[in-house]
Amino acid sequence: MRRRLPNSLRLWSLLFAATIMNSPALHAETLQSALSAAYLNNANLNAQRAATRAIDENIPKATAGYRPSVTLQGQAGLQHVDAQTPVGAGALHSTSDTVPRSVGLTVQQNLWNGNRTDNSVRQAESGVFAQRETLRNTEQNVFQDSVTYYMNVLRDTAIFNLQRNNVDVLQEQLRQTRDRFKVGEVTRTDVAQAEAGLAKGQSDSLVAESNLKTSMANFRLVVGRQPVKLEPVKPASAGLPKSLNDAISVSQREHPSIQASLHGVDSANLNVKVIEGSLYPSVNLTGSVNRSYDSNNQSGSRSWVGSIIGSISVPLYDGGLTTASVRQAKEQAGQQELQTDYQREQVRAAVVSSWGILSNSRAVVDSAQAQVSASEIALNGVREEAKVGQRTTLDVLNAQQTLLNARVALVTAQRDRVVASYALLAAVGRLSPGNLGLNVARYDPSVHYDQVKDKWYGLRTPDGR
């Protein structure tokens, strides 16, 4: 006698066989390959990488305060002079036409500006670090979405096939009921009940097909390609903390949204210092050289003028603008600190929620498996009793629907368990390419940072644009 597979294995086998999608592709899609594709192709993630590179440019913008500014000036024109000079009782009349022109070079170097440049550079660095954490958080969100939609496709494919198989069963049930009606074993009411059951099954099948198409579209949106022959997935285990307290502790240290917010606090506090620097004196050194021709209405004249001038500017009063800006910046820094506290609580809530869902998911799957087993036994019994007239067609239809619902619940519970494990990884801040074991070239934001941080000039980006 052939041994039957356990319910969970049979459903996962059905789920795997159902994901072929009639595609000519030869190789199955694993979760690892889907996550790798999302890591490389996801438009939102690539946009966030571009935003990180743009933030890197704040470093050379800030360090420009250490460097001199150089200006080249030139001017030229036509000058006509018609003059009369009194001489005795008469006047001396003279005219002249000259082409005055000059060229000059000015170099200005700031020597001290209330440490505004130093603090601006540190503020820009904090912004870079915050953006890197924002990028890491975006990576986590993309990975979590990829897992969710991957499992949604698996779930909805299995449900669609369960619904389609249910339609086949209901069609056979209707055929048998009509045959029995012809010989007088059942009434017209039984036929109508079988027809109603088939109509509902067909409707549910269409809904399941629509849900599957939606999940496939979402998969393509995140991963960047159509789902093809998706393989079953086990719950995540690598990187998961051993206890809820450990999970909370790890999340408070490692979650990128908290780290980004902490860097935001540093940036806000440095912004206060930058604005306060406007209240201090500014010391500059200016050197210039100028070459003039035909100046002072003297044709053929030439002159060189060179100078080095030190200057100090002391702000006294600007109508209260700077002091108001300082107070505003302090309030904004306080706001950022409060937002960081709220971010910590948000992360903690996500960890507790994900931990609870994952902790109960195994029991939910076991319960769903027990429900399927019991529903199968019940359906077989009802069918046998119906053959001898102890059960009605409606009883058979209800038992069939109960079994279908149990199988759908089991597929859903298995999907939820996998998604919950990866959601917990994301909640603690460990849903990264390293913990996922992705065999893909990692994006390193420090590469672009090193390429631009010391740039003095140049319009082209490091990639040649």
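- Every residue was checked against the salt bridge (charged side-chain N to carboxylate O under 4.0 Å, His left out) condition with E57, not counting sequence neighbours, and none meets it.
- For R417, there are no salt bridge (charged side-chain N to carboxylate O under 4.0 Å, His left out) partners two or more places apart in sequence or in a different chain.
- Among residue pairs with one or both ends in residues 208-224, those qualifying as side-chain hydrogen bond (donor to acceptor under 3.5 Å, both in side chains) are D156-S215; sequence neighbours excluded.
- For the pair L40 and A441, the tightest heavy-atom approach, listed with the atom from each and the gap, is CD2-O, 4.4 Å.
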| task | Please assess W304 against V289 for the test side chain to side chain contact (heavy atoms under 4.5 Å, CB included), listing each intermediate value before the final yes or no. | result | CA-CA 7 Å; W304 278 101; V289 61; 3.8 Å; yes

| field | From CA spacing to verdict: side chain to side chain contact (heavy atoms under 4.5 Å, CB included), K229, E29 | value | CA-CA 6 Å; K229 297 178 65 176; E29 176 90 277; 5.7 Å; no

| Criterion side chain to side chain contact (heavy atoms under 4.5 Å, CB included) on L285 and I309, from CA distance to verdict | CA-CA 6 Å; L285 183 66; I309 300 172; over 6 Å; no

I'd like a table of donor-acceptor pairs (distance under 3.5 Å, sequence neighbours excluded) in which one partner is a side-chain atom from residues 429-436, with atom names and distances.
from : atom 1 : to   : atom 2 : distance (Å)
R430 : NE     : E254 : OE1    : 3.1
R430 : NH1    : G239 : O      : 3.0
R430 : NH2    : E254 : OE2    : 3.3
S432 : OG     : N435 : N      : 3.4
N435 : ND2    : R430 : O      : 2.8

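- Using modelled atom types and a 3.5 Å distance limit, the side chains of E231 and T30 yield no donor-acceptor pair.
- Not counting sequence neighbours, the partners of D246 by the side-chain contact (heavy atoms from CB on, under 4.5 Å) test are P241, K242, S243.
- For Q109 (side chain) and Y66 (main-chain N/O), a donor-acceptor pair under 3.5 Å exists by modelled atom type.
- Side chain of T117 to backbone of N113: no donor-acceptor contact under 3.5 angstrom is found.
- In this structure, V283 and N110 approach most closely via the heavy-atom pair O-ND2, 3.2 Å.
- The number of heavy atoms from other shown groups lying within 6.0 Å of CD (E331) does not exceed 12.
- For the pair R116 and Y280, the cation-pi criterion (under 6.0 Å, within 45° of the ring axis) is not fulfilled.
- Shortest non-hydrogen contact noted between G127 and I55 is O-CG2, 3.7 Å.
- Residues L424 and W355 come closest through the heavy atom pair CD2-CE3, 3.5 Å.
- For the 3.5 Å distance criterion, the side chains of S261 and Q343 fail to qualify, holding no donor opposite an acceptor.
- Under the 3.5 Å distance criterion, the side-chain polar atoms of Y150 are left unmatched by any main-chain donor or acceptor of V233.
- Within the 3.5 Å criterion, the main-chain N or O of Q144 finds a donor-acceptor partner in the side chain of T148.
- At least one donor-acceptor pair under 3.5 Å links the side chain of T412 to the backbone N or O of V408.
- A salt bridge is absent between R122 and D118: the closest approach of a Lys/Arg side-chain nitrogen to an acidic carboxylate oxygen does not fall below 4.0 angstrom.
- Between R136 and E133 there is a salt bridge, since at least one side-chain N of the basic residue sits less than 4.0 Å from a carboxylate O of the acidic one.
- The shortest heavy-atom contact between D56 and P445 is OD2-O, 3.9 Å.
- Note on residues 316-329: pairs passing side-chain hydrogen bond (donor to acceptor under 3.5 Å, both in side chains), not counting sequence neighbours, are D318-T322.
- The pair D168-R164 does not count as a salt bridge, with every side-chain nitrogen at least 4.0 angstrom from each carboxylate oxygen.
- The two residues A268 and Q336 make their nearest non-hydrogen contact at CB-CB, 4.4 Å.
- Checking Q73 against T106 by side-chain atom types alone, a donor-acceptor pair falls below 3.5 Å.
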